[in-house]
A.B. asks: 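For reference, the structure I am asking about is given below.
Remember, it's a predicted structure, so these values are computed and weren't measured experimentally. In what follows, chains carry the letters A, B, and so on, assigned in the order in which the sequence lines appear, proteins first and then strands, with residues in each chain numbered from 1.
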Number of protein chains: 2
Amino acid sequence: MATLGDIGLAAAINILSAVAFLLAFAILRLQPFNDRVYFPKWYLKGLRSSPSHVGAFVHKFVNLDFRSYLRFLNWMPAALQMPEPELIDHAGLDSAVYLRIYLIGLKIFVPITFLAFTILVPVNWTNRTLELELSKSNVTFSDIDKLSISNIPEGSERFWTHLVMAYAFTFWTCYMLLKEYEIVASMRLHFLASENRRPDQFTVLVRNVPPDPDESVSELVEHFFLVNHPDHFLTHQVVYNANKLAKMIEEKKKLQNWLDYNQLKHTRNPSKKPTMKTGFLGLWGERVDAIDYYTSKIDELSKEIEAERESVRSNPKSIMPAAFVSFKTRWGAAVCAQTQQSRNPTLWLTEWAPEPRDVYWKNLAIPFVSLTVRRLIVAVAFFFLTFFFMIPIAFVQSLANIEGIEKSAPFLKSIIEVKFIKSFIQGFLPGIALKIFLIFLPTILMIMSKFEGFTSLSSLERRSASRYYLFQLVNVFLGSIITGTAFEQLNSFIHQSANEVPKTIGVAIPMKATFFITYIMVDGWAGIAGEILRVKPLIIYHLKNFFLVKTEKDREEAMDPGSLGFNTGEPQIQLYFLLGLVYAVVTPILLPFIVVFFGLAYLVFRHQIINVYNQEYESAAAFWPDVHGRIITALIISQLLLMGLLSTKRAAQSTPLLIALPVLTIWFHRFCKSRYEPAFIRYPLQEAMMKDTLERAREPNLNLKGYLQNAYVHPVFKGEDEDSDAFTEELQKESVLVPTKRQSRRNTPLPSKYSGSSSPSLHEVVQEQP
Amino acid sequence: MATLGDIGLAAAINILSAVAFLLAFAILRLQPFNDRVYFPKWYLKGLRSSPSHVGAFVHKFVNLDFRSYLRFLNWMPAALQMPEPELIDHAGLDSAVYLRIYLIGLKIFVPITFLAFTILVPVNWTNRTLELELSKSNVTFSDIDKLSISNIPEGSERFWTHLVMAYAFTFWTCYMLLKEYEIVASMRLHFLASENRRPDQFTVLVRNVPPDPDESVSELVEHFFLVNHPDHFLTHQVVYNANKLAKMIEEKKKLQNWLDYNQLKHTRNPSKKPTMKTGFLGLWGERVDAIDYYTSKIDELSKEIEAERESVRSNPKSIMPAAFVSFKTRWGAAVCAQTQQSRNPTLWLTEWAPEPRDVYWKNLAIPFVSLTVRRLIVAVAFFFLTFFFMIPIAFVQSLANIEGIEKSAPFLKSIIEVKFIKSFIQGFLPGIALKIFLIFLPTILMIMSKFEGFTSLSSLERRSASRYYLFQLVNVFLGSIITGTAFEQLNSFIHQSANEVPKTIGVAIPMKATFFITYIMVDGWAGIAGEILRVKPLIIYHLKNFFLVKTEKDREEAMDPGSLGFNTGEPQIQLYFLLGLVYAVVTPILLPFIVVFFGLAYLVFRHQIINVYNQEYESAAAFWPDVHGRIITALIISQLLLMGLLSTKRAAQSTPLLIALPVLTIWFHRFCKSRYEPAFIRYPLQEAMMKDTLERAREPNLNLKGYLQNAYVHPVFKGEDEDSDAFTEELQKESVLVPTKRQSRRNTPLPSKYSGSSSPSLHEVVQEQP
């Protein structure tokens with residue numbers, strides 16, 4: 001086991017590497033040619049332009065002002081300077097609230113650390129259990145263990161301190177969570193209230209429009225809402241199935257890139273015409289002139305795109321049974337989004353429309369039954385992914401050994417047999433399958449979420465984050481504490497009694513403290529410091545800049561500001577909450593490491609959010625209930641494990657008191673849920689009415705219909721070329737009221753203004769009842 | 001263990017007692033003087049009046065037409081004759097759907113029984129395991145066991161039959177449940193659609209109206225809804241805290257009864273003036289003239305009631321922060337009930353108003369935080385009630401023994417020492433505490449639900465039913481299978497591993513089959529046959545008729561038609577579903593007993609619903625999701641237990657196939673929930689709009705305001721005497737629009753039509769954000 005000295009050494013190494021990253025960052029960010037890598041947000045906002053051309057040529061690439069290097073940490077105060085309201089304005093509420101996750105980490109753990117060090121550490125330290133045990137047997141112990149709960153003798157009265165501390169920590173965490181939920185909820189409501197007019201405030205996404213033999217989807221939607229929301233319905237837009245078209249446009253863009261690359265090559269070296277091979281990856285096939293080849297390819301594709309666009313436009317089958325329905329007022333939209341429309345609750349499903357840029361277009365047309373089946377499939381698949389992912393990896397590992405390679409590729413034998421290479425491969429190969437899997441895990445989880453049928457990017461990310469958290473909980477947290485694969489753990493837990501499980505884990509916890517301290521330093525400290533360097537975007541930007549960029553606009557596109565990546569980032573933070581809460585009572589020495597992580601991460605991400613990231617969408621902090629729920633989960637896990645640990649320490653009298661903790665915590669969670677969660681799901685009518693009235697007073701002559709008409713056009717139809725304008729015009733024409741052609745009145749049982757049909761008698765309704 | 005012969009004997013005894021009950025019923029119900037006991041529903045409907053006075057005096061009391069006795073079972077076909085739509089019309093949807101619970105029992109179990117007897121019984125019977133075991137050891141077995149799964153040798157291939165049957169039974173049950181859910185949901189929607197105009201269709205119950213220093217609750221409600229539902233708000237009624245008044249009126253009624261009794265006594269025996277003692281229960285105190293005493297008491301109380309009514313009327317503190325808000329259209333009410341009103345989701349809580357007679361007035365004013373705390377308290381209390389109820393009972397039992405009685409009451413010693421009495425007490429006393437507890441259990445559960453704060457009688461009954469079901473599941477089902485108190489079971493389950501629990505229970509199941517068969521016959525057959533006799537109402541009616549009844553109206557009041565008692569009846573049925581599903585694969589011989597129960601109960605309750613019960617409220621089958629959920633629970637329990645049982649039979653290869661069953665069943669439940677449950681919670685706007693339009697067309701000049709004005713007046717103010725009319729008039733006056741007196745605009749941030757205040761700037765909203 002590690003001593004304090006070992007930990008100190010590891011800390012020194014990690015601090016040094018973190019400082020090295022920060023230094024590298026400090027130097028790189030000051031070079032003007034890196035400016036677009038480290039400050040893309042400002043470029044996107046139009047507040048910064050390429051370095052001025054005044055002065056020496058070299059100044060465009062290298063910063064020669066040595067004084068600026070001396071202040072290499074001055075980005076830190078700068079990152080803290082921007083006040084929160086300005087930050088919300090600058091980067092959106094999502095980013096600002098994301099930072100609050102780190103902040104709540106500090107708020108929870110700084111007082112807990114203080115309390116633990118003034119009370120728990122002395123209580124643990126002033127025992128001699130471990131020394132006594134040492135004298136009896138050959139058990140080794142470290143200084144870390146002397147500070148932990150392991151140093152308390154069995155059945156000691158001192159466990160009362162830990163019990164009281166567990167209550168204190170729980171109380172403090174809950175109090176902070178409550179405060180924070182309140183703040184975030186009111187921030188969200190305020191953000192929604194003070195926002196400018198946005199199409200999604202007036203719009204509701206309607207799914208599962210039932211098929212109708214007499215009317216098109218568009219007519220059906222219009223008549224349904226004219227009948228059922230007569231005073232509020234304004235307009236609607238049908239959803240086209242343009243997935244194929246989107247793919248083709250993507251393809252065209254890629255070809256255009258290659259064309260640009262070759263043209264640039266030609267300009268730089270006009271003597272030689274660039275050529276290429278047409279086969280797979282340009283490895284074989286006929287050698288042709290690259291510029292001609294790509295030009296002709298692009299022309300061909302453009303024509304196909306035209307044809308496809310035409311077919312999407314004209315083919316009624318490409319209209320999906322979904323629509324964006326807009327209302328005259330926010331009140332009308334709020335009502336429609338929150339109520340059930342039709343007698344059959346699986347038809348005419350309404351929900352708030354996501355922002356236009358947040359829509360995940362592919363999933364808009366999945367019918368209800370398919371959704372529930374998909375949910376079952378994904379749940380089962382995720383279960384197997386979590387508990388059995390080691391099986392295929394072990395299989396790949398068994399294949400990818402030295403002998404296997406030698407057998408399948410005998411010509412490599414001589415190289416492999418070199419001792420250095422052999423040992424490298426032997427050390428490297430078994431891990432690579434696992435590493436590749438872990439790198440692709442977020443993508444796999446995202447594909448699962450997409451398959452499940454969520455309709456907005458934000459909800460996709462939220463669902464992936466939940467899954468990623470569960471995966472980490474099982475495979476990183478439990479997997480590190482108890483050796484063996486997740487499946488072996490599951491198997492042993494099933495065969496253990498319910499009160500045995502927390503004991504097994506609880507007992508192992510103090511022993512793993514040093515491991516987790518190292519983990520925090522490597523993953524938390526150095527990892528976060530590495531994040532600010534942005535190595536990957538740095539390299540890619542310079543490659544693109546060199547090979548593709550011709551105009552200022554190209555350079556703009558070559559920037560990859562990235563975004564926060566909620567689906568991977570948030571579960572990572574949650575792991576620290578879990579570690580902190582679990583070890584707070586058991587091994588308080590771990591806490592300062594957590595605090596440093598939260599502090600550093602807060603700084604780094606605040607800087608990145610201000611200067612780098614560009615959020616793809618704005619969900620107005622819709623993820624907070626998830627964050628809150630997971631911290632509560634961590635709290636409950638920590639309480640159960642403490643209960644297990646104490647019950648092995650012959651401190652059984654504490655069990656009833658400890659059982660009360662999770663019960664109270666769950667109750668607290670339910671209270672918070674009912675108190676604050678509605679603010680993240682529903683939109684109060686009072687707010688809607690207030691905004692409506694304000695708007696009516698300020699802009700009495702607003703042409704809302706014009707404003708909303710094309711807000712939810714599929715991105716491939718938007719601003720592509722003049723064709724799309726014609727198309728949207730056509731759309732506009734289409735949405736001028738169409739007299740109904742229906743004969744049956746199955747779906748609009750009320751006299752529509754346009755059909756003039758008489759109202760149906762109750763007779764029809766009676767017939768429906770079997 | 002019981003043999004088939006023993007079971008046959010028990011069956012004969014129970015069939016005989018059931019037949020005896022039915023015979024007694026057949027004779028009693030034909031006597032005219034019992035007519036009001038056995039046919040009260042028809043009296044209440046006004047379709048039947050007291051037996052005619054034509055003919056001999058004796059005919060008024062005794063039916064002398066002997067032919068009618070011969071047809072003593074003819075109530076059975078009569079009970080089946082009324083078609084379901086007429087039944088809904090006659091007794092309401094609740095009752096009709098309640099009968100469908102028995103019907104679905106038949107639908108599920110008749111085919112299952114048939115299948116089990118053609119396939120499972122031969123498969124079980126044609127083994128010789130038990131006989132072999134018998135020859136080896138001294139194990140006894142019964143014929144019942146020969147028909148059960150116990151007769152299959154360990155590791156036999158024949159278990160595949162049971163596996164396939166488990167799938168078949170699950171599939172059939174789910175299919176029936178799906179069909180039934182669909183039917184009940186459409187019955188409910190049709191019922192709501194075809195119903196006459198009812199106040200609750202237009203009305204929403206608003207709770208947690210925030211306190212306001214400037215305005216009364218009534219004004220505040222009015223302004224809030226005028227602002228936020230300007231096109232739809234019609235009128236509102238505040239809720240008075242009249243709990244004390246209600247109690248006083250109850251008291252007055254009781255005194256009036258005593259006065260009537262004494263007056264009647266005096267009329268029958270004019271020579272003697274009735275006297276009474278004024279002390280406790282009339283046991284001691286001064287002897288006074290009873291008629292004078294009660295007359296003066298009633299006068300006194302009447303005055304107090306007047307004063308109290310005056311004070312409720314005038315004291316603003318007796319207005320609770322809740323109101324019934326009515327809208328111009330059903331659409332408006334549906335919108336308001338389904339949406340969130342205020343930024344703070346714990347204020348202005350809206351929900352559909354229950355029917356006026358369904359309202360539980362006492363709970364209307366409980367604030368939100370108190371509600372969540374109460375929920376926690378009740379959950380903890382219910383946990384202790386379920387698992388530890390034996391502790392106080394055991395304590396009482398230990399006190400109430402022969403020695404204890406002799407010590408505390410030595411003068412009884414000589415009586416107790418008589419051998420017969422002594423053995424009677426010793427046999428009787430230990431059980432009596434438990435029996436009393438079980439009799440009061442539904443009341444205790446109802447008090448818990450009331451404390452939890454539900455606002456309608458129907459939801460109170462539903463919640464009590466859930467709790468009663470859980471209690472029975474733990475203490476009757478598990479308690480009979482595994483000996484020991486519930487707490488001992490809980491303790492042993494906690495110390496067992498998760499896959500050990502189903503094994504422990506599963507193994508015990510086949511052995512308890514004969515016990516449950518007897519239980520079904522005693523509780524199910526004879527109990528149901530006893531239900532139709534109505535012994536308690538019969539006795540009470542005749543007592544009242546003799547002592548109190550003076551006029552026809554008194555006789556009307558002396559009838560006690562009773563109602564279905566969902567909170568006790570439904571959990572009882574669910575126990576039979578559980579037994580049937582659990583034993584379907586294990587011991588199919590139990591199934592015919594279940595089928596007979598469902599058939600008999602269906603007949604009896606259909607008769608009772610048609611002729612006797614008078615439902616207190618109509619919830620339009622709002623309980624069906626609970627019923628469905630509990631049958632699903634039973635199904636899952638049966639699958640888990642089968643898994644446990646088979647895993648002890650060395651049929652381990654079946655486990656993965658059996659695990660799929662509960663997963664699929666849970667998924668099926670979730671599918672049903674999302675597909676059908678909204679029909680029981682929300683009210684589709686399409687339906688609302690349809691009814692509104694129909695009504696507008698039929699009655700264009702309807703005075704809806706007048707209709708709704710006094711629909712939700714507290715029952716104590718309703719039709720009591722002319723005073724209340726004056727009061728309601730006053731209420732009417734009050735609800736004429738009142739100009740606002742408010743200075744602050746904290747709660748109505750929009751310009752109200754009446755206050756004329758300017759709209760608040762965003763400034764105020766910003767300030768709210770911390």
A.B. asks: Determine, step by step, whether A/V227 and B/T693 satisfy the side chain to side chain contact (heavy atoms under 4.5 Å, CB included) criterion, reporting the C-alpha distance in whole Å, the side-chain angles of both residues, the deciding distance to 0.1 Å, and the verdict.
C.D. replies: CA-CA 10 Å; A/V227 166; B/T693 315; over 6 Å; no
A.B. asks: Can any side-chain N or O of A/Q341 pair as donor or acceptor with the backbone N or O of B/Q686 at less than 3.5 Å?
C.D. replies: no
A.B. asks: Would you check if B/F671 and A/V373 make a side-chain contact, meaning some heavy-atom pair closer than 4.5 Å?
C.D. replies: no
A.B. asks: Quick check against the 3.5 Å criterion: does B/W331 have a side-chain atom that pairs as donor or acceptor with the backbone of A/N228?
C.D. replies: yes
A.B. asks: To the nearest 0.5 Å, tell me how far B/C336 SG sits from A/Q338 CD.
C.D. replies: 11.0 Å
A.B. asks: Under the rule for salt bridge (Lys or Arg N to Asp or Glu O under 4.0 Å), what residues qualify as partners of B/E677, not counting sequence neighbours?
C.D. replies: B/K673
A.B. asks: Would the distance check show the side chain of A/W667 and the main-chain N or O of B/T372 forming a donor-acceptor pair, the cut-off being under 3.5 Å?
C.D. replies: yes
A.B. asks: A/H229 versus B/L685: any side-chain heavy-atom pair under 4.5 Å?
C.D. replies: yes
A.B. asks: Taking side chain as everything from C-beta outward and backbone as N, CA, C, O, which of these in A/L664 sits under 4.5 Å from a heavy atom of chain B? Side chain, backbone, both or neither.
C.D. replies: side chain
